[in-house]
Amino acid sequence: VPYGGGTGLVGGQVSVEDPAPLILSLERMTRILDVSPDDNVLVAEAGAILGDIQSAAAEAGRLFPLTLASEGSCRIGGNLSTNAGGTNVLRYGNARDLCLGVEAVLPDGTIWNGLKRLRKDNTGYDLRDLLIGAEGTLGVITKAALKLFPAPERFATALVGLRDPAAAIALLNAAQARFGEQVSAFELIHRHGFDFIAETMPDTRLPWGDPPEWMALIDLGFGAQALKGDDGGDGLEDFLAEAFEAGHITDALIAQNAAQRQDFWTVRETIPLANRKIGAVYSHDIAVPVSRIPEMIAQGRARVAAIGPLRVNCFGHVGDGNLHFNIYPPKGAVKADWVHLKDEIKTAIYDLVYELGGSMSAEHGIGRFKLDDLVRYEDPAKLGAMRAIKAALDPLGIMNPGATVPEVLGSGRD
Ligand SMILES: Cc1cc2nc3c(=O)[nH]c(=O)nc-3n(C[C@H](O)[C@H](O)[C@H](O)COP(=O)(O)OP(=O)(O)OC[C@H]3O[C@@H](n4cnc5c(N)ncnc54)[C@H](O)[C@@H]3O)c2cc1C
């Protein structure tokens, strides 16, 4: 069982079953081997901590854009093995999109040197893409060549109050039409996120005392030559004034400096921690087509309300259609008294997700916790192919047994 930073959320890095597993930790393979600004490439060992890779890229005047709240502990081998997402996928893509090549040890002990720095390489099956997202079931990633980007010179960041979730989609589309790829992040936040932080970490500085029900955190990153807007700044103020006129937003806070921008992001990144302290009855990491997000939220909340008086803290990477749709006990109650409803809630939400053409694992993977859901919701043809690939590359079944690939296939959804 390969082990990176241990921050995976679906139990891929831990095994509770007999026989006792052999855990292979990458924690001492932390070297950054090369940073090449000309190639826009950074090469690192698989145990390098994501935050250290970001810093090494920044020292060379470049950006490695993968950004997760766990970046101080997770490691690049784990990021690639889970195909991690995070807050910058909208602009730069997920871990798969950021990787040019890997070196890996395959289950039979062969070392595959696929550490190329090429952006074009159509030489048959793509083993790199097979290993990315395989959660350690097809081999151990030992090194990676990663894509770097020019670092934005300036940011414009706003936290806005939204009329409703549909307004988030309208605002995102308008922002992309106006600012193009400079829209680096667009995060949806429900006020429960703020309430949970106030309840569990009262010392945290919150930008709004009485926040709107729905908010969006918009981050624009500009190159040195970006045009100034008519407002004499980055054009964000004008843009938000128009959004206000159009009725999409009800309120807006624009970060006046880097410290305020950081404050907004700290609040966003603290939400998962506050969620943990409150204790979710069940957390869903789902994706639906962006246009169906308002339906997902409205119907999802209605289906949960039909089960019980639970709180839904829905937040996430709305530009990617990825929502964290997490369910909490009523205020003052404890998780233990509501956890018996977990399966009913999960089925109600995942059924809806698949009715809307979505996925029950947007960025966290399958691991051990979502195996049954994979069998229930994913296409049997895909499950058959996964099993065949696993049997071909790991015939003895030694790599991360019991994770990601269902041992015994069900008949799929029906
Ligand atoms: C507070 C918090 C916030 C988070 N936010 C996000 C987020 O926004 N987006 C997101 O996508 N995830 C998020 N995560 C989940 C997690 O951080 C990611 O899945 C991360 O990529 C896991 O990296 P890791 O090094 O901790 O891997 P681990 O947890 O150690 O392992 C994860 C999986 O990868 C396998 N693995 C690890 N290293 C290797 C290797 N070298 N070769 C082969 N297989 C390997 C393991 O066997 C396991 O199956 C968050 C987690 C926390 C705790």
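Indexing begins at 1, ligand by ligand and atom by atom, following the structure's order.
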Visitor: Between the side chain of Gln54 and the main-chain N/O of Phe64, is any donor-acceptor distance below 3.5 Å?
Guide: no

Visitor: Whether the side chain of Thr347 engages the backbone of Glu344 through a donor-acceptor N/O pair (distance < 3.5 Å, no angle test) should be reported.
Guide: no

Visitor: Would you find a donor on one side and an acceptor on the other, under 3.5 Å apart, between the side chain of Arg117 and the backbone of Leu100?
Guide: no

Visitor: Is there at least one pair of N or O atoms, one from Gly139 and one from ligand 1, spaced under 3.5 Å apart?
Guide: no

Visitor: Tell me the protein heavy atom at minimum distance from atom 7 (C) of ligand 1, and give that distance in Å.
Guide: Glu363 OE2, 3.5 Å

Visitor: Heavy-atom distance to atom 50 (C) of ligand 1: which of Cys74, Ala403, Ser70 wins?
Guide: Ser70

Visitor: Just by modelled atom types, is the Asn313 backbone N or O under 3.5 Å from a matching donor or acceptor in the Asn326 side chain?
Guide: no

Visitor: Could you tell me which atoms of ligand 1, counted from 1 in the order shown, lie closer than 4.0 angstrom to a heavy atom of Ile141?
Guide: 40 (C), 41 (N), 42 (N), 43 (C)

Visitor: Closer than 4.0 Å to some heavy atom of Ala84 - which atoms of ligand 1 meet that?
Guide: 11 (O), 21 (O)

Visitor: Where is the nearest protein heavy atom to atom 30 (O) of ligand 1: which residue, which atom, and how far?
Guide: Gly4 N, 2.7 Å

Visitor: What protein heavy atom sits nearest atom 49 (O) of ligand 1, and how far away is it?
Guide: Glu135 O, 3.1 Å

Visitor: Could you list the residues that satisfy side chain to side chain contact (heavy atoms under 4.5 Å, CB included) with Asp108, not counting sequence neighbours?
Guide: Leu106, Thr110

Visitor: Looking at non-hydrogen atoms alone, which of Ser81, Gly72, Gly133 comes nearest to atom 35 (C) of ligand 1?
Guide: Ser81

Visitor: To the nearest 0.5 Å, what is the distance between CZ (Phe194) and CD1 (Ile271)?
Guide: 6.5 Å

Visitor: Compute the centroid of each ring, for His324 and then for Phe315, and state whether the two points are separated by less than 6.0 Å.
Guide: yes

Visitor: So which heavy atom in the protein is nearest atom 19 (O) of ligand 1, and how far is it from that ligand atom?
Guide: Thr82 OG1, 3.4 Å

Visitor: Distance under 4.0 Å to a non-hydrogen atom of Arg276: what atoms of ligand 1 satisfy this?
Guide: 53 (C)

Visitor: Number the atoms of ligand 1 from 1 as they appear, then name those within less than 4.0 Å of a heavy atom of Gly8, with their elements.
Guide: 26 (O), 29 (O)

Visitor: Using atom types as modelled and distance alone, determine if a side-chain donor or acceptor of Gln256 lies under 3.5 Å from a backbone N or O of Ile254.
Guide: yes

Visitor: What protein heavy atom is closest to atom 20 (C) of ligand 1, reported as residue, atom name and distance in Å?
Guide: Asn79 ND2, 3.5 Å

Visitor: Counting N and O atoms only, with roles assigned by atom type, does the side chain of Asn83 sit under 3.5 Å from a partner on the main chain of Arg96, one being a donor and the other an acceptor?
Guide: yes

Visitor: How would you list, by chain and number, every residue that makes a side chain to side chain contact (heavy atoms under 4.5 Å, CB included) with Val281, sequence neighbours excluded?
Guide: Leu310, Pro329, Trp338, Ile345

Visitor: Under a 4.0 angstrom heavy-atom cut-off, which atoms of ligand 1 come close to Leu26?
Guide: 41 (N)

Visitor: Distance to 0.1 Å, residue and atom name: give those for the protein heavy atom nearest to atom 11 (O) of ligand 1.
Guide: Gly85 N, 2.9 Å

Visitor: Counting N and O atoms only, with roles assigned by atom type, does the side chain of Lys143 sit under 3.5 Å from a partner on the main chain of Leu115, one being a donor and the other an acceptor?
Guide: no

Visitor: For the CG atom of Leu50 and the CZ atom of Arg75, what is their distance to the nearest 0.5 Å?
Guide: 11.0 Å

Visitor: Of all the heavy-atom pairs spanning Gln299 and Leu352, show the shortest one and how long it is.
Guide: OE1-CD1, 3.4 Å

Visitor: Taking only heavy atoms of Gln13, which atoms of ligand 1 are found under 4.0 Å from at least one of them?
Guide: 28 (P), 29 (O), 30 (O), 31 (O), 48 (C), 49 (O)

Visitor: From the options Arg368, Met399, His364, select the one whose nearest heavy atom is closest to atom 12 (N) of ligand 1.
Guide: His364

Visitor: Below 3.5 angstrom, do we get any N/O pair linking Gly6 and ligand 1?
Guide: yes

Visitor: Closest non-hydrogen protein atom to atom 24 (P) of ligand 1, residue and atom name please, with distance?
Guide: Gly5 N, 3.4 Å

Visitor: Within less than 4.0 angstrom of ligand 1, does Gly86 place any heavy atom?
Guide: yes

Visitor: Should you measure from each heavy atom of Ala69, which atoms of ligand 1 turn up under 4.0 Å away?
Guide: 3 (C)

Visitor: Just jot down the ligand 1 atoms closer than 4.0 angstrom to any heavy atom of Asn400, in number order.
Guide: 47 (O), 49 (O)

Visitor: Considering non-hydrogen atoms only, spot the tightest contact between Gly321 and Val290 and give its length.
Guide: N-CG2, 3.7 Å

Visitor: Give the residue, atom name and distance (to 0.1 Å) of the protein heavy atom nearest atom 51 (C) of ligand 1.
Guide: Thr7 O, 3.5 Å

Visitor: If you measure every N or O of Tyr3 against every N or O of ligand 1, does any of those distances drop under 3.5 Å?
Guide: no

